[in-house]
Amino acid sequence: MKQSHLQIHIPDYARAALGALEAAGYESWCVGGCVRDALLGVDVNDYDIATAASWEDTEQTLKAQGFAVHRTGTKHGTVTASIDGHPLEITTFRADGTYTDGRHPDSVTFVRSIEEDLARRDFTINALACHPERGVLDCHGGLDDLEARTIRAVGDPSKRFAEDGLRILRGCRFASQLGFSIEPDTLSAMQSHKLRLANVSSERITHELDGLLLGGHVHDALMETANVLTAVIPEVAACIGFDQHTPYHIYDVWEHTAWVVQRSPATRLSRWAALLHDIGKPAAFFMDGKRAHFYGHPKLSVALSRGLLARMSVAPALSERILTLVRMHDVVIAADRRSVKRALQKLDGDVELFEALVALKKADALAQSDLSKPRLELAFDLERVLAEVTASAEAFTIGQLAIDGHDIMELGVGRGPEVGRLLKCALAAVIDEKVVNERGPLIEYVSKHLPSC
Ligand code: ATP
Ligand code: MG
């Protein structure tokens, strides 16, 4: 055990809760992610407290100090106390019983010491406690691991991952968020126990994958944990080490993918699309002499991604937008106003989606050889033209037309899909500059072209 005089910033509301519990005779500490992140000097999400008090005693003690207390997980000894809009999760020192389902402890037992509580935690860097007077308590070498930027399981890694499969994916996520490498025995146990992830709900898997994809060190994490992630996204297994045999690429499909994710904007839309854009490449591959081809790979990427996203907890609307980016990532859009407006029309006028498409094209080109420089330049040109189009009043959606469905029906067209088809035709004519976007000329155009439109 190591007690250190290191100190972290603990905000007043957390100090007040610690002080009240200790004054009532219950040893209490800040624990977990807040200690880790504060020592690293990064923003702390939330402060968690571990205490010797039972949840009932915590509730009573903190209510008396003016905290609002909610019974958020009393089965596990947890209450959430808040004051001035600052929530604190407070949990009684506990040890977890046996695990039979590979995810949840069969029972939890409340224990007497912080040391026993720290022993149940997943990684050494998450098993640190801190107190305003007593400093940092480190029973598992977490301070050294923070210094060495290492993710290491507390205790026997095999045992810890066999208990709870979610820890395996948490390790991958921390690698991406913190830029730490995973200690070899821990990584090896993550791989050998990866099928334990089958016991984890799709909500938790998606949440951890989101965290991993949005992390600042996602390239390194995807490379290091590829043979763990295959348990939750087996579709990527064929990409790992898949040689592209073309002068346009310097990386195999997986490393290329990892770079595209890293260089994409940190949004779920962009990062998921980047992860999935080339997933169909190994299936599309064929050799023509010494050169490989992947014709139509976006179509196969969409087919694989559709199934993959359906297994995840990704809202259908977001899934569709991700799939649109995957489908269109390789479509050449000329950098002129007409082509950009046509593309915007295809995207139902979704400018943000177009921007994400351009960002994906950029990241994709950047992760290829110098031969792909023209693609990168084209992406920059597209960005410029898009800015021009959106700054002008030029129409690229039906809603921006100077006529609407009523005008079409006044021409004698009955209510129904034909009205929409004619409006689309009118929009295409405006984009192609065959007619100006004004009511009179548009009505004349549509009536003249009614049969052929
Ligand atoms: P962040 O909040 O940034 O995701 P965190 O480390 O605070 O990171 P939480 O999920 O908030 O993660 O959990 C708080 C603490 O609880 C962790 O630091 C760790 O000590 C412990 N913990 C969380 N999940 C597990 C788990 N599945 N197995 C063991 N310990 C866990
Ligand atoms: Mg936390």
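Not measured: the values here are computed from a predicted model. Just so you know, ligand 1 is whichever comes first in the structure, and atom 1 is the first atom listed for that ligand.
Atom 19 (C) of ligand 1 has its closest protein heavy atom at Asp122 OD1, 3.6 Å. Summary of contacts: the protein heavy atom closest to atom 6 (O) of ligand 1 is Arg36 NH1, 2.8 Å. Ranking protein heavy atoms by distance to atom 17 (C) of ligand 1, first place goes to Arg170 NH2, 3.5 Å. The protein non-hydrogen atom at the shortest distance from atom 28 (N) of ligand 1 is Arg167 NE, 2.7 Å. Annotation: atom 4 (O) of ligand 1 to nearest protein heavy atom, Arg173 NH1, 2.8 Å. Among all protein heavy atoms, the one lying closest to atom 21 (C) of ligand 1 is Arg121 NH1, 3.6 Å. When hydrogens are left out, the protein atom nearest atom 14 (C) of ligand 1 is Asp48 OD2, 3.6 Å; that is the closest non-hydrogen contact.
Checked against a 3.5 angstrom limit, the closest N/O atoms of Arg160 and ligand 1 fall outside it. For the pair Asp46 and ligand 1, the shortest N or O to N or O distance does not fall below 3.5 Å.
In summary, the side chains of Asp106 and Thr100 do present a donor paired with an acceptor at a separation below 3.5 Å, with no hydrogens or angles considered. Between the side chains of His277 and His256, a donor-acceptor pair is found at a separation under 3.5 Å. Inspection of the Gln244 and Lys281 side chains reveals an N or O donor paired with an N or O acceptor under 3.5 Å.
A donor-acceptor pair is defined here as one N or O able to donate and one able to accept, closer than 3.5 Å; no such pair exists between the side chain of Arg94 and the backbone of Gly77. Side-chain atoms of Thr124 do not come within 3.5 Å of backbone N or O of Val154 as any donor-acceptor pair.
Salt-bridge annotation for Glu377 and Lys362: absent, with no side-chain N of the basic residue lying under 4.0 Å from a carboxylate O of the acidic one. Salt bridge present: Asp145 and Arg152 bring a charged side-chain N and a carboxylate O closer than 4.0 Å. Look at Asp364 and Lys361 and you find no salt bridge, because none of the NZ, NE, NH1 or NH2 atoms lies under 4.0 Å from a carboxylate O. Using a 4.0 Å cut-off between charged side-chain N and carboxylate O, Asp330 and Arg375 make a salt bridge.
Under a 4.0 Å criterion applied to the non-hydrogen atoms of Asp164, ligand 1 contributes the atoms 26 (C), 27 (N), 28 (N). In the vicinity of Gly32, heavy-atom distances shorter than 4.0 Å reach the ligand 1 atoms 18 (O). Near Phe174, meaning under 4.0 Å from any of its heavy atoms, are these atoms of ligand 1: 6 (O), 8 (O). In summary, the atoms of ligand 1 found under 4.0 Å from a heavy atom of Gly33, numbered by their order in the structure, are 5 (P), 6 (O), 7 (O), 18 (O). Of all the atoms in ligand 1, the ones that sit under 4.0 Å from a non-hydrogen atom of Asn126 are 6 (O), 18 (O), 19 (C), 20 (O). The Asn45 neighbourhood of ligand 1 comprises atoms 1 (P), 2 (O), 3 (O), with distances under 4.0 Å to a heavy atom of that residue.
For the pair Arg71 and Trp55, the cation-pi criterion (under 6.0 Å, within 45° of the ring axis) is not fulfilled.
Residue contacts with ligand 1 include Arg120, since one or more of its heavy atoms lies under 4.0 Å from the ligand. Residue contacts with ligand 1 leave out Phe123, since none of its heavy atoms falls under 4.0 Å from the ligand.
Phe242 and Phe285 have perpendicular rings, their planes meeting at more than 60° on a 0 to 90° scale where under 30° would count as parallel.
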